[in-house]
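Below you'll find the structure, written out as structure tokens, and then a few comments.
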Amino acid sequence: MPKLTKGNSMFGAGASPGIMSCIAGRLLCDTFLCSRDLLKEVSYSLTQLAKNQLHKDRKEIAPQDIPSMFQKLESLIELIECAQQDAWLSLELMFHLSVIPLTHQLTKLSGNLWGKTLQGARAQRVEYLLLHAFHEQKYINPDKTSAHANEAKDQRLPKRRIDAGSADRNAEEFGGDDAKLETDHVKGKKGPAYAGGLVLEPKRGLYDKYILLLDFNSLYPSIIQEYNICFTTVEKTTDGSIPHLPSFKEIGVLPKLLRDLVERRKRVKQMMKNAPRIKLQQHDIHQQALKLTANSMYGCLGFSNSRFYAKPLAELITLQGREILQRTVDLVQNNLNLEVIYGDTDSIMIHTGLDDIEKAKSIAVKVTQEVNKKYQCLVIDLDGLYKRMLLLKKKKYAAIKVQFRNDIPYEVIERKGLDMVRRDWSLISKEIGDFCLNQILSGGSCDDVVESIHGALVKVREEMKNGEIQLEKYVITKTLTKQPEAYPDGKNQPHVQVALRMKQNGSCTGFSPGDTIPYVICCEQGTSSAGSSGMAQRARHPDELKDNGKWIIDIDYYLSQQIHPVVSRLCASIQGTSPERLADCLGLDSTKFQRRPNYAADVDHSSLLLGSVDDCERYEGCEPLVISCPSCSSSFDCPVVVTSFCGSTDDETVSPAREKPERNFWQSLRCPRCPIDGDMGRVSPAMIANQVKRQADHFLSLYYRNTMTCDDETCNYTTRGLNLRASGDFERGSVCPNYPHCNGHLLKKYTEADLYKQLSYFCHVLDTEKCLQKLNMEASARMSLETSLSRIRPVVQMAASVVSKMRDRCAFGWINLSDLVVAV
DNA sequence: GTCTGGAGCGC
DNA sequence: CTGCATATAGGCGCTCCAGAC
């Protein structure tokens, strides 16, 4: 009898060799593996799958309870019934997913072993598909080499035509020409081996006019056909560069194979139109299998352990993909004058600015016609009409999609990449996030939306504090990618810690890579989370809390690390709220959530200067006015005049205590570091004026340097040169010089708004007049302040007038009146 | 502050 | 030569977290 071990298999894949030998000759359908392949779920436990897929409840029995259930008749029968139920659920799941017919079709297409398809061996399916295709054309296939053998002797036999004649040029070897890179890749497995799809920099924000989502149907398979890309057609390069497109007229093996698959799929889809009900599902599975097979071929060209590994071909395909997407964007923006707001690999989103769905559709028709004219195989198509959309980042957006059933429109909310679709956030933060998203997309007024979000946050905080939230909502789920013991930094990973502890105390037998681990973040009763150890140490399995009073939910963690980040990311472009305000609603210390300085580039400076914000906020980010002492070599930040004479303004509360020594500068007009007596460190009015002038000139020249930086964070290209490349998107600055590789735009590093703000700050520092009008104080205090200021006025007069003249020359001082029109 | 490993998405 | 254990893996692009430095 072979050993029926389990648990040492990678990715928890299937059964051990022992089990396989026991069932030799029979197919094994593991519904756990199939579900992981075909479904997207937070957890792939039978309980979860039964609930979400079959809508049935499953009774769970803890492993440690099983032995005792054998002790009594009733409990033994219960155990048997549960086991039987599990068997039926697995079977039902198998039918629900149509695993057998689907894998049957896939196997028939590729000609591999059905049992392997059931194990999910995708690379092997493609391998067999290509083996058959090349063999049929009388090519000799390359040998299969193991990863180990690859490292020792990276030599793969080229494919050679049996009738080795004219086609000798085909006998090229695509693998192994860059052995160094390849072994790096095999060993470290870090970093991509070649460039992939192009992702456009999104124009972030909330859109309430129709957006068109257009995408190319199966981009990569279509590129292979469009440009006849194959082992047999592409000329190999010797220097490791990407090969050129083939000029070979005869159709290659890969393109022909794909063409056949596409045509067969077309025929099957045609048959579906007037097929009897009973045949409908069968056809549907057949066409799915054809599509899956066509789409998985590219992936295996780039897979370094594949028998048909061909990095140059994979590179050539993705390069074409990037160029096609960029050409499409250029066409839509420059020739059709439409605004492209985002695009990823094979898709573009167009902001129509229209409320009328029919007009929006007609634009889509026009665009698709124009684009499709340019290609033979490639087809772009309308894939979605979004009524409203929130575009947050690359690969992160949500939209209300309008769909049609029998020409009747209905709306669905689509969420891509947002925290709410990820399993590694707790249910409670996902629920709040969904609520906020629904509010934002509701189309309600800004005030209403913000108010209801703030209200919801206050409410959930109350409920959490009162213990009204179920434990399940706090559960976070993460996947193990290695054996729990194999993590080098397992100490820092909550799910690894939980898995190790569960194994240790015997509540389970062990874990395999691919298993999902649920946990909650806790704190020890009576201690605050702030002082305790790292969060990985405070992670517990939900069951550990149920019968143990020592650990309780760490509510502060959930408020600040789960709910706040999710909500504040959603609200990033929503007027009327801010991370600070949201933190306030959650009862958190709002000072910890202040805007990071690099966000300042995103905000509109003009509104900042126009509004009635207080001085410290208005001049945030400005460089201080530095006065250097004529006697000693020290320098110090010049304090604001009015603040020095009036201790009770707002500025005092924000000034750090370290500025105290400079406080009385304006009273004494002496360097604070020089001896009090004697003439050392005395600063004259002319010195002040000179120093102010010199510093203002510095900022002026900074502005005129006109340094431009690319707004694509991954590029960050910086230049002073002018780039005259045309772009449909003039407002955002000119196209990045890295153009085909980067889709960003050059923006001024130091804008006129920055300069204006800086000069205004210097004016503010030296101001002795305007500040009086603004102050709201008692008559007696005002009198004494006025006297002090009038004494200092002659000293700063010269400096103040120098800098205010410079500021007033700055064109930014001209206010566009339309900016002042504000909807009330 | 920056950098890195890990995870989990989108396409 | 036999018994037993081994190894079994589609791609790249892009956030985001937490910890180390």
Side-chain angles (χ1 to χ4, degrees), chain A residues 2-3 5 8-18 20-21 37 40 42 116 119-127 146-148 185-186 188-202 215-216 218-220 292 295-311 313-315 317-318 321-322 325 342-347 383 392-397 414-425 476-482 487-496 513-514 516-517 534-536 561-562 565-566 569 596-598 712-714:
Chain A
K3 209 171 163 186
T5 52
N8 56 354
S9 51
M10 286 293 277
F11 296 96
S16 65
M20 291 311 288
S21 68
D37 224 33
K40 204 183 85 174
V42 167
K116 288 285 176 186
Q119 281 181 6
R122 275 186 280 191
Q124 214 195 44
R125 254 168 38 218
V126 176
E127 182 181 338
S146 70
H148 187 68
H185 192 231
V186 169
K189 218 174 207 172
K190 50 184 169 194
Y194 61 93
L198 172 65
V199 185
L200 306 179
E201 187 64 40
D215 74 355
F216 285 101
S218 341
L219 182 70
Y220 290 166
L292 275 172
N295 283 340
S296 51
M297 192 184 297
Y298 152 75
C300 290
L301 294 178
F303 172 40
S304 52
N305 280 339
S306 161
R307 187 197 290 247
F308 291 95
Y309 177 48
K311 197 178 87 168
L313 295 189
E315 268 182 305
I317 292 166
T318 57
R322 292 192 294 277
L325 185 65
Y342 180 57
D344 184 345
T345 310
D346 65 348
S347 67
D383 197 50
L392 290 182
K393 294 216 151 154
K394 286 177 175 177
K395 299 179 191 286
K396 284 177 190 278
Y397 60 91
E414 205 168 72
R415 303 165 307 167
K416 291 291 171 69
L418 301 178
D419 298 322
M420 289 92 78
V421 307
R422 296 172 64 97
R423 74 155 68 91
D424 51 358
W425 291 93
I476 301 167
T477 312
K478 276 202 174 138
T479 314
L480 288 169
T481 52
K482 306 189 215 322
Y487 282 83
D489 62 339
K491 282 233 175 317
N492 302 326
Q493 311 258 10
H495 61 305
V496 177
T516 52
I517 311 288
M535 61 158 261
Q561 307 300 118
Q562 288 277 318
V566 169
R569 274 194 284 273
R596 298 213 313 272
N598 58 344
D712 190 325
E713 286 154 19
T714 56

* Starting from the 5' end of DNA chain C, give me the residue, R422(A) or Q562(A), whose nearest nucleotide shows up first. => R422(A)
* Asked: With T477(A), which residues qualify under side chain to side chain donor-acceptor pair (under 3.5 Å), at least two apart?
  -> none
* To do: Report the nucleotide, chosen from dG13(C), dC17(C), dG11(C), that has the shortest atom-to-atom distance to any side-chain atom of F303(A).
  => dG11(C)
* Roughly, in whole Å, what's the span from CD1 in I476(A) to P in dG8(B)? -> 12 Å
* Structure fact -> Closest of dC16(C), dT15(C), dG8(B) to the K394(A) side chain is dT15(C)
* Asked: Among dC11(B), dT15(C), dG11(C), which is the nearest nucleotide to the side chain of Y298(A)?
  -> dG11(C)
* Could you state the atom-to-atom distance from CZ of R569(A) to C1' of dC14(C) in whole Å? => 13 Å
Can you give me the N/O atom pairs linking the protein to nucleotides 19-21 of chain C at distances under 3.5 Å, or say none if there are none?
none

* Scan A314(A) against the nucleic acid and name what it touches under 4.0 Å (heavy atoms): base, sugar-phosphate only, or nothing. => nothing
* To do: Describe the nucleic acid contact of A121(A) in one word from base, sugar-phosphate, nothing, applying a heavy-atom distance below 4.0 Å.
  => nothing
* Phosphate-side-chain proximity, T345(A) and dG13(C), N/O vs OP1/OP2 below 4.0 Å -> no
* Give T479(A) one of three labels, base, sugar-phosphate or nothing, depending on what nucleic acid heavy atoms sit under 4.0 Å from its own. => sugar-phosphate
* Asked: Y487(A) side chain N/O closer than 4.0 Å to the phosphate oxygens (OP1, OP2) of dA7(B)?
  -> yes
* Asked: Among dA18(C), dG13(C), dC9(B), which nucleotide sits nearest the side chain of R423(A)?
  -> dC9(B)
* To do: Name all residues meeting the salt bridge (Lys or Arg N to Asp or Glu O under 4.0 Å) criterion together with K395(A); count only those two or more places apart in sequence or in a different chain, and write none if there are none.
  => D344(A)
* Answer yes or no: is there a side-chain heavy-atom contact under 4.5 Å between L418(A) and L392(A)? => yes
* To do: Nearest whole angstrom, please: distance from the P of dA18(C) to the NZ of K478(A).
  => 7 Å
* Asked: For G196(A), which contact category applies under a 4.0 Å heavy-atom criterion: base, sugar-phosphate, or nothing?
  -> sugar-phosphate
* To do: Return the nearest nucleotide to the side chain of K40(A); candidates are dT15(C), dG10(B), dC17(C).
  => dG10(B)
* Atom-to-atom span, CZ of R307(A) to P of dT8(C) - whole angstrom -> 16 Å
* Is the shortest side-chain N/O distance from K393(A) to OP1 or OP2 of dC16(C) below 4.0 Å? -> yes
* **Nearest-Å distance for atom pair NZ/P, residues K116(A) and dA9(C)** => 8 Å
* Structure fact -> Here the gap from F303(A) atom CZ to K311(A) atom NZ, rounded to the nearest 0.5 Å, amounts to 15.5 Å
* Asked: The side chain of Q493(A) lies closest to which of these nucleotides: dG6(B), dC11(B), dG11(C)?
  -> dG6(B)
* Asked: Counting only side-chain N and O atoms of R122(A), is one of them less than 4.0 Å from OP1 or OP2 of dA9(C)?
  -> no
* For A195(A), does its backbone N or O pair with a side-chain atom of T318(A) as donor and acceptor, under 3.5 Å? -> yes
* What's the CG-P distance between D346(A) and dG11(C), to the nearest Å? -> 19 Å
* Asked: Would you say K416(A) reaches dC11(B)'s phosphate, i.e. side-chain N/O to OP1/OP2 under 4.0 Å?
  -> yes
* Nearest-angstrom distance from the residue atom CH2 of W425(A) to C1' of dT15(C) -> 11 Å
* To do: Tell me what V126(A) touches on the nucleic acid: a base, only sugar-phosphate, or nothing, going by heavy atoms under 4.0 Å.
  => nothing
* Asked: Looking for any heavy atom pair under 4.0 Å, which part of the strands does Y397(A) touch: base, sugar-phosphate only, or nothing?
  -> sugar-phosphate
* To do: Take the protein atom OH of Y342(A) and the nucleotide atom P of dG13(C), then report the distance between them rounded to whole Å.
  => 13 Å
* To do: Could I get the full list of salt bridge (Lys or Arg N to Asp or Glu O under 4.0 Å) partners for D419(A), not counting sequence neighbours?
  => R569(A)
* Could you list the residues that satisfy ring pair (Phe, Tyr, Trp, His ring centres under 6.0 Å) with F216(A), not counting sequence neighbours? => none
* Answer yes or no: does a side-chain N or O of Q561(A) lie under 4.0 Å from OP1 or OP2 of dA18(C)? => yes
* Between the main-chain N or O of Y397(A) and the side-chain N or O of K416(A), is there a donor-acceptor pair closer than 3.5 Å? -> no
* Output all residues satisfying side chain to side chain donor-acceptor pair (under 3.5 Å) with D424(A), sequence neighbours left out; order by chain, then residue number. => R422(A)
* Side chain of A123(A) - closest among dG10(C), dC11(B), dC16(C) -> dG10(C)
* H495(A) vs dG6(B): side-chain N/O to OP1/OP2 distance below 4.0 Å -> no
